[in-house]
Amino acid sequence: MERISTVSAMQARAEALRLDGRRIGFIPTMGYLHEGHLSLIDEAKRDSDITILSIFVNPAQFGPNEDYNSYPGDIARDELLAEKRGVDIVFYPSVEEMYPHKQLTWVNVETVTEVLCGASRDGHFRGVSTVVAKLFNIVKPHVAVFGQKDAQQVAVIQKMVDDLNMNVIIRIAPIVREPNGLAMSSRNIRLTPEDRKNAVILSQVLFRAKDGILKGESISSVLAAATKDIQAVAHADLEYIEALSYPDLGPMTDFNNDLLIALAVRFGNVRLIDNILIKKSS
Ligand code: AMP
């Protein structure tokens, strides 16, 4: 497995791969890899012959009171896991390499960034779309894989790619969960053992909500039940639970669109997100 840490070396390597007729599959991550990330590698490999995984904790997507400085990291472990899963190149730039000068150019996707996590994390999605655009210009992928775990992020990136005519196919991989249903996340490691057990409530309420909707219950009644169930759990501080049409993230007026039920819950200073998609045909 190759390791590349400068933008110029990565761009030269990607250009050479393209000239050689290779199809580049790309998996952007913030590291501290788990099975959720590794499943994206499998997905990328299905549609490419070279896989490039980036590890970059992007300061531009963290607010001043968020967990940038305590975000978990272990590059040696990540490299072992990536290599075992068949990654060809790990791109691991420093902050100075990615942001050598004050960034004056930002990608700002409108509307879909104003709800759910965008409502409370001011500037978060501007940081995400900007770094993903930069990474696409550096890694030059044919295909990039993102996890449904971050459903709003997927909607934002797909919109950016469409609106800016970026020549990249976006693939979406399903949410990988712990055996008890908790969605895998690099942040789970920061939960206390008790909170980690209690955090199972996130997926439980989502599965119940989906069942309720499929049985014909109203959106407002399933959301009310889910809210009550979360509020009954020790230390669980509900930031939001909402049902929106997907991927446009507008109000759900009828069942002609997929329905996304998404939530964010804090346990102490650990903020967890999860979601479930109800396909219009299901
Ligand atoms: P992160 O390192 O948190 O920025 O995540 C990098 C990529 O992995 C994003 O596309 C995430 O949506 C995806 N991802 C994170 N957790 C999971 C999970 N449990 N299942 C599937 N994809 C995931």
Side-chain angles (χ1 to χ4, degrees), residues 25-48 51-55 78 81-82 84-87 112 115-117 125 128 132 135 141-162 168-189 196 199-214 222 226 240-249 252 255 257-265 271-282:
F26 178 44
I27 307 105
T29 81
M30 298 204 298
Y32 210 68
L33 302 181
H34 52 66
E35 188 55 36
H37 298 112
L38 302 178
S39 74
L40 307 189
I41 300 170
D42 300 342
E43 181 64 29
K45 287 175 85 68
R46 277 191 272 277
D47 192 16
S48 60
T51 48
I52 303 179
L53 178 127
S54 66
I55 298 176
D78 284 351
L81 289 169
K84 248 175 103 184
R85 205 64 166 232
V87 166
V112 287
V115 292
L116 305 177
C117 291
F125 285 111
V128 170
V132 171
L135 287 167
H142 296 87
V143 182
V145 186
F146 293 82
Q148 185 65 29
K149 160 87 187 331
D150 297 87
Q152 186 174 16
Q153 173 171 280
V154 168
V156 171
I157 297 299
Q158 185 65 67
K159 196 76 187 97
M160 171 184 83
V161 165
D162 292 348
V168 184
I169 295 169
I170 304 299
R171 295 236 186 281
I172 303 160
I175 302 176
V176 177
R177 299 180 178 282
E178 306 277 355
N180 71 359
L182 176 65
M184 288 191 183
S185 164
S186 306
R187 291 185 167 101
N188 290 351
I189 185 85
R196 190 164 179 147
V200 72
I201 189 67
L202 275 66
S203 58
Q204 281 174 349
V205 300
L206 290 170
F207 295 143
R208 275 183 224 143
K210 179 172 181 174
D211 280 352
I213 296 281
L214 294 179
V222 299
Y240 70 77
I241 178 162
E242 282 183 56
L244 295 173
S245 68
Y246 195 77
D248 59 301
L249 303 183
M252 192 70 182
F255 273 87
N257 285 307
D258 293 343
L259 176 69
L260 177 77
I261 305 183
L263 53 75
V265 176
R271 183 177 180 278
L272 301 179
I273 56 170
D274 200 350
N275 69 82
I276 203 158
L277 200 54
I278 304 172
K279 296 273 185 190
K280 65 181 167 198
S281 53
S282 56

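- Atom CG of L53 sits about 8.0 Å away from atom CG of D78, to the nearest 0.5 Å.
- In the displayed structure, K159 atom NZ is contacted under 6.0 Å by at most 12 heavy atoms of other residues, nucleotides or ligands.
- Counting only distance, with no hydrogens or angles, the side chain of S186 and the backbone of H34 share no donor-acceptor pair below 3.5 Å.
- In this structure, the side chains of R177 and S203 come closer than 4.5 Å at one or more pairs of heavy atoms.
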side-chain contact (heavy atoms from CB on, under 4.5 Å) between N188 and E178, worked out: CA-CA 11 Å; N188 290 351; E178 306 277 355; 4.2 Å; yes

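- Between L272 and A199, the shortest heavy-atom distance links the atoms CD1-CB, 3.8 Å.
- One N or O on the side chain of K45 and one on the backbone of G86 form a donor-acceptor pair closer than 3.5 Å.
- Test V156, V168, I157 against V132 for side chain to side chain contact (heavy atoms under 4.5 Å, CB included) and you get one pass: I157.
- The shortest distance between side-chain heavy atoms of P174 and Q148 does not fall below 4.5 Å.
- The shortest side-chain heavy-atom distance between S39 and M184 does not fall under the 4.5 Å cut-off.
- Judged by distance alone, the side chain of D274 and the main-chain N or O of K149 form no donor-acceptor pair under 3.5 Å.
- To the nearest 0.5 Å, atom OG of residue S245 and atom NZ of residue K280 are 11.0 Å apart.
- Between K279 atom NZ and Y246 atom OH the span is 8.5 Å, to the nearest 0.5 Å.
- Looking only at distances, no side-chain donor or acceptor of Y32 sits under 3.5 Å from a matching main-chain atom of I189.
- To the nearest 0.5 Å, atoms CG (D150) and CD1 (I175) are separated by 8.5 Å.
- Side chain of T51 to main chain of A44: no donor-acceptor pair is present (N/O by atom type, distance under 3.5 Å, no hydrogens or angles).
- M252 places none of its side-chain heavy atoms less than 4.5 Å from the side chain of E242.
- Counting heavy-atom neighbours within 6.0 Å of I169 CD1, excluding the residue itself, gives a total above 12.
- S54 OG to M30 CE: the interatomic distance, rounded to the nearest 0.5 Å, is 10.5 Å.
- With V222 as the fixed residue, the side chain to side chain contact (heavy atoms under 4.5 Å, CB included) test singles out one of V205, L206, I213, D211: I213.
- Atom CD1 of I261 is separated from atom CZ of F207 by 12.0 Å, given to the nearest 0.5 angstrom.
- In this structure the side chain of V176 never reaches within 4.5 angstrom of the side chain of L38, judged on heavy atoms.
- No side-chain donor-acceptor contact under 3.5 Å links Q152 to the backbone of L116.
- Shown here for I276 and K210, the closest heavy-atom pair between the two residues is CD1-CD, 3.8 Å.
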